[in-house]
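Scroll down for the structure; my scribbles are underneath it.
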Protein chains: 2
Amino acid sequence: MDKENGNGSCCRQEETHCPVEATIGLIGGKYKSLILWKLAGGTLRFSQLKREVSCATPKMLTQQLRELEADGLIVREVFPVVPPKVEYSLTDFGQSIRPVLEAMYDWGSGYLARQGLAANCSMTPLSRERC
Amino acid sequence: MDKENGNGSCCRQEETHCPVEATIGLIGGKYKSLILWKLAGGTLRFSQLKREVSCATPKMLTQQLRELEADGLIVREVFPVVPPKVEYSLTDFGQSIRPVLEAMYDWGSGYLARQGLAANCSMTPLSRERC
DNA sequence: CAGCATCCAATTAGATACTG
DNA sequence: CAGTATCTAATTGGATGCTG
């Protein structure tokens, strides 16, 4: 084991070994849960994701997608054609987070209702997207 | 209804009506999940929380606690004694998030294992705290 | 189409010192 | 004991323009 941190501190976010915080780290990023939710509905191209997650700038979208890819939640497939075509889809591991997202969805719905707010976002696969 | 946002945009984080993002907004803050987890074990005083969540500075701890309180997840009870005594505990609503945290815990554990990392944090009520 | 580069404003969080 | 106040370093994210 490398030298233990000298000070009494410990919680470096980058090396957190807490399951819950790790989960938040993976899906808590801006638009990440929405991206995952969308991809749960099937493979999407970058331009489609941009439309589905219209609040995200291309820069942010790219950034979040790269992080999700690095974390093994999604795959990025580049087709060497003109014009360029890039497809994103969930890995098996990415698929496995659905129950967690659904638990969060259910609990969050209760919270919104408690606040007198309607859940109006594009996250329900059945609803018209509103973002 | 007040004037709809003029631009095509919509996703103001502060007014997101997405259940999943609302959930992340409530428990995604720094140390929040850890605080909730600790309080799930029973009422704690500020000084006890500071010890349990040793990575958080008093400032951050106070800030996160106030937010959790404002969101109705915890209650802050002040005892007018000397020296001061303040107790924090979960509301019923706060208790209701346990299943969500546990789903995140389980999935996050799988992720850590997948990365070859051991889950060594103070989140398991039974393990010795390591923060 | 699928981005990357650059600049910049706003937010975040740590350290430190102080208080009723 | 349970915070608050202040300052500052670092990070985040939006806007804009450009490219293979």
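Chain A is the first sequence line, chain B the second, and so forth, proteins listed ahead of strands; every chain is numbered from 1.
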Is there a donor-acceptor contact under 3.5 Å from the side chain of S33(B) to the main chain of E21(A)? no
Base, sugar-phosphate alone, or nothing: which one does P84(B) contact when heavy atoms must sit under 4.0 Å apart? base
Is there a path of hydrophobic side-chain contacts, each under 4.5 Å between heavy atoms of I/L/V/M/F/W/Y residues, joining M60(B) to L34(B)? yes
Before you tell me yes or no, could you show the steps for E52(A) and K38(A) under salt bridge (charged side-chain N to carboxylate O under 4.0 Å, His left out), namely the whole-Å CA-CA distance, both residues' side-chain angles and the distance that decides it to 0.1 Å? CA-CA 8 Å; E52(A) 299 276 9; K38(A) 291 298 180 183; 3.1 Å; yes
Please give, in whole Å, the distance from dC1(C) P to R45(A) CZ? 8 Å
Without decimals, in angstroms, what is the distance between Q63(B) CD and dA13(C) P? 7 Å
Shortest side-chain distance from K30(B), nucleotide among dA2(D), dG14(D), dG14(C): dG14(C)
In whole angstrom, give the distance that lies between atom CE of M60(B) and atom P of dT16(C). 17 Å
Nucleotide dG14(C), atom C1' - distance to OH of Y31(B) in whole Å: 9 Å
Over 60° means perpendicular and under 30° means parallel, so classify the ring planes of Y88(A) and F46(A), tilted if in between. tilted
Expected string for nucleotides 3-8 of chain D under the B/S/- scheme (protein heavy atoms, under 4.0 Å, primed atoms plus P, OP1, OP2 as sugar-phosphate) is SS-B--
Rounded distance in Å - CD (E69(A)) to C1' (dA2(C)): 14 Å
Is it possible for you to say whether I35(A) and V78(A) belong to one hydrophobic cluster, with membership spreading through side-chain heavy-atom contacts below 4.5 Å? yes
To the nearest angstrom, the CG-P distance between L61(A) and dA2(C) comes to 11 Å
Tell me the interatomic distance from E67(A), atom CD, to dT12(D), atom P, rounded to whole angstroms. 8 Å
To the nearest angstrom, the CG-C1' distance between L49(B) and dC1(D) comes to 13 Å
Joint cluster assignment, V86(B) & L44(B), ILVMFWY side-chain distance < 4.5 Å: yes
